Amino acid sequence: MDSISLIRPDDLHLHLRDGDAMRCVVEDTARQFARAIIMPNLKPPVTTVRQAEAYRERILSCLSESSDFQPLMTLYLTDNTAISEIKQIAENEHVHAIKYYPAGATTNSDHGVTDIEKVYPLFEYMADLSIPLLIHGEVTDPEIDIFDREKVFIEQTLLPLINRFENLRVVLEHITTSDAVAFVQNGPETLAATITAHHLIQNRNALFENGIRPHNYCLPVLKRESHRQALLDIVASGHPRFFLGSDSAPHAREAKESACGCAGVYSAHSAIELYASVFEELGVLDKFEAFASFNGADFYGLARNTGKITLEKVEWVIPESFAFADSEIVPFLAGEKCNWKLKTV
Ligand code: NCD
Ligand code: ZN
């Protein structure tokens with residue numbers, strides 16, 4: 001097969017940042033995707049509908065005139081989120097979900113929830129109003145091995161949550177383990193998961209290939225090969241509750257190449273192409289469109305997109321870097337070959 005066409009896809013988990021940094025990355029996503037769920041972990045975080053509306057306007061102002069890309073906004077859940085915000089979301093057409101970060105779990109999560117039971121009353125409203133809860137599923141307990149944090153989160157936090165709030169729609173974001181795959185697969189219809197391209201392509205060896213590789217460092221951290229295989233198996237199965245969320249998370253080169261480098265992989269520049277390579281290698285290109293363009297929209301209750309994109313089987317080399325405000329970003333798989341290319345119209 002030397003070209004594939006699919007309904008325009010959606011990226012159900014994306015970090016765009018703000019200001020000049022956002023201006024440098026937003027077109028990468030808008031070129032490929034019709035819509036994206038925009039993460040709210042700015043500094044300070046997006047915690048109110050009003051802030052989300054203002055952020056949305058800033059995103060739209062960075063897009064070219066011809067772009068019809070739609071940012072789907074989210075709020076950042078804190079210990080102090082008011083019930084009135086939940087009610088406002090239900091009446092707002094631009095805000096689609098609430099993101100739960102355990103405090104301190106990842107980049108810009110200091111305002112996250114310190115104890116999930118504190119926000120349980122909000123979940124009642126969210127369930128009633130059918131507002132999805134998006135979860136960064138890692139415990140923050142420093143006693144827990146970093147490679148086990150997703151598994152322990154599922155046991156300690158997610159299982160009780162799912163059992164208690166039967167009608168709450170939950171997306172377990174950027175899953176990395178066979179435990180998460182099994183939990184979502186065997187879970188209720190109200191539970192779904194996003195999967196990144198980098199977790200499908202790399203295992204944890206990529207962190208230490210001939211030396212430490214900060215540009216492959218993200219959270220949840222890459223896992224061992226058997227976990228990657230479980231992710232591949234579930235996407236190859238075509239299960240409808242697993243869908244595309246790139247978790248593209250740009251950081252300036254110097255913030256990554258540092259004695260204490262930030263977590264986050266920038267994959268937006270070639271996200272759909274990288275996913276296409278994965279599906280091709282698995283021999284399941286027939287499952288690609290549902291994963292990229294249908295499953296997420298269906299779970300969120302959004303209309304499926306109508307336009308199409310085409311990818312061509314063309315080998316090209318991913319650039320070594322891109323401009324990023326007054327610095328640069330090193331993209332995922334910089335300098336390596338990619339064998340699918342989005343056809344520009
Ligand atoms: C994200 C970021 O940089 O904002 N980093 C990451 O490693 N994925 C935050 C997140 O989604 O955890
Ligand atoms: Zn993320």
Side-chain angles (χ1 to χ4, degrees), residues 10-19 21-22 24-26 28-29 33 36-47 55 59 71-77 96-113 132-140 146-147 149-150 153 171-177 180 192-202 204 206-207 213-223 231 243-258 260-269 271 296 324-325 327 329-332:
D10 297 317
D11 184 345
L12 284 309
H13 184 125
L14 178 70
H15 299 267
L16 281 181
R17 313 307 187 203
D18 209 347
M22 167 160 74
C24 294
V25 296
V26 67
D28 276 350
T29 294
F33 295 94
I37 290 279
I38 309 299
M39 288 297 124
N41 63 332
L42 302 182
K43 282 185 198 164
V46 178
T47 55
Y55 183 29
I59 297 170
L72 309 176
M73 309 312 293
T74 61
L75 295 196
Y76 184 114
L77 187 63
H96 292 266
I98 299 188
K99 178 70 188 272
Y100 162 75
Y101 291 99
T106 185
T107 309
N108 300 347
S109 65
D110 300 345
H111 295 81
V113 174
L133 177 68
L134 317 183
I135 293 187
H136 183 108
E138 289 189 289
V139 291
T140 53
I146 188 165
F147 293 101
R149 287 182 191 175
E150 184 172 277
F153 180 88
V171 183
L172 185 57
E173 300 285 345
H174 41 53
I175 59 166
T176 61
T177 58
T194 54
I195 305 184
T196 77
H198 45 283
H199 290 106
L200 290 167
I201 293 171
Q202 293 184 328
R204 66 191 192 178
L207 291 166
R213 300 298 192 120
H215 298 291
N216 294 336
Y217 173 57
C218 65
L219 286 170
V221 72
L222 294 168
K223 303 297 190 299
L231 298 177
F243 44 83
L244 189 159
S246 72
D247 193 22
S248 175
H251 290 277
R253 177 194 280 276
E254 61 278 9
K256 298 280 297 170
E257 297 175 9
S258 148
C260 186
C262 293
V265 163
Y266 185 64
S267 59
H269 61 93
F324 189 58
S327 178
I329 348 174
V330 177
F332 182 56

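Bear in mind that the values here come from a model prediction, so they are computed numbers and not experimental data. In each ligand, atom 1 is the first atom listed, and ligand 1 is the first ligand listed.
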Asn108-Tyr76 side chain donor-acceptor pair, cut-off 3.5 Å: no
Close approach of His198 to ligand 1, heavy atoms, under 4.0 angstrom: no
Separation of Leu207 CG from Cys218 SG (nearest 0.5 Å): 7.5 Å
Thr176 versus Lys223, side-chain donor and acceptor atoms under 3.5 Å: yes
Protein heavy-atom partner closest to atom 10 (C) of ligand 1 - residue, atom, separation in Å: Thr106 OG1, 3.4 Å
Sidechain-backbone polar pair: Thr194 side chain, Gly245 backbone, donor-acceptor under 3.5 Å: no
Nearest to the Zn ion (ligand 2) - the N/O/S atom of Asp247, by atom name: OD1
Polar side chain donor-acceptor pair, His13 to Asp247, under 3.5 angstrom: yes
For His174, atoms of ligand 1 separated by under 4.0 Å from a heavy atom: 11 (O)
Presence of N, O or S from His15 under 2.8 Å of the Zn ion (ligand 2): yes
Close N or O approach (Tyr101, ligand 1; < 3.5 Å): no
Protein contact to atom 5 (N) of ligand 1 [nearest heavy atom, distance to 0.1 Å]: Ala263 O, 3.2 Å
Under 4.0 Å to a heavy atom of Cys218 - the qualifying atoms of ligand 1, by number: 7 (O)
Contact check, His13 vs ligand 1, heavy-atom distance below 4.0 Å: yes
Enumerated ligand 1 atoms positioned under 4.0 Å from heavy atoms of Gly264: 5 (N), 6 (C), 7 (O)
Minimum heavy-atom distance Lys256-Cys262, with the two atoms named: NZ-O, 3.0 Å
Atom 8 (N) of ligand 1 [closest protein heavy-atom partner, distance rounded to 0.1 Å]: Asp247 OD2, 2.7 Å
Nearest protein heavy atom with distance in Å, relative to atom 7 (O) of ligand 1: Leu219 N, 2.8 Å
Protein residue, atom and distance nearest to atom 11 (O) of ligand 1, heavy-atom basis: His15 NE2, 3.0 Å
Residue pair Met39 / Leu134, side-chain heavy-atom distance below 4.5 Å: yes
For Phe33 against Asp10, the heavy-atom pair lying closest together: CD2-C, 3.4 Å
Residue pair Arg253 / His215, side-chain donor-acceptor N/O under 3.5 Å: no
Ala249-ligand 1 polar pair, N/O distance under 3.5 Å: no
Residue part near ligand 1, for Asn41, under 4.0 Å between non-hydrogen atoms: side chain
Any N, O or S atom of His174 closer than 2.8 Å to the Zn ion (ligand 2): no
Distance-only N or O hit between ligand 1 and Arg17, under 3.5 Å: yes
Ile38 backbone acceptor or donor facing Thr74 side chain under 3.5 Å: yes
Residue His136 vicinity, atoms of ligand 1 by number, heavy atom under 4.0 Å: 12 (O)
Student check: side-chain heavy atoms of Leu222 and His199 closer than 4.5 Å: yes
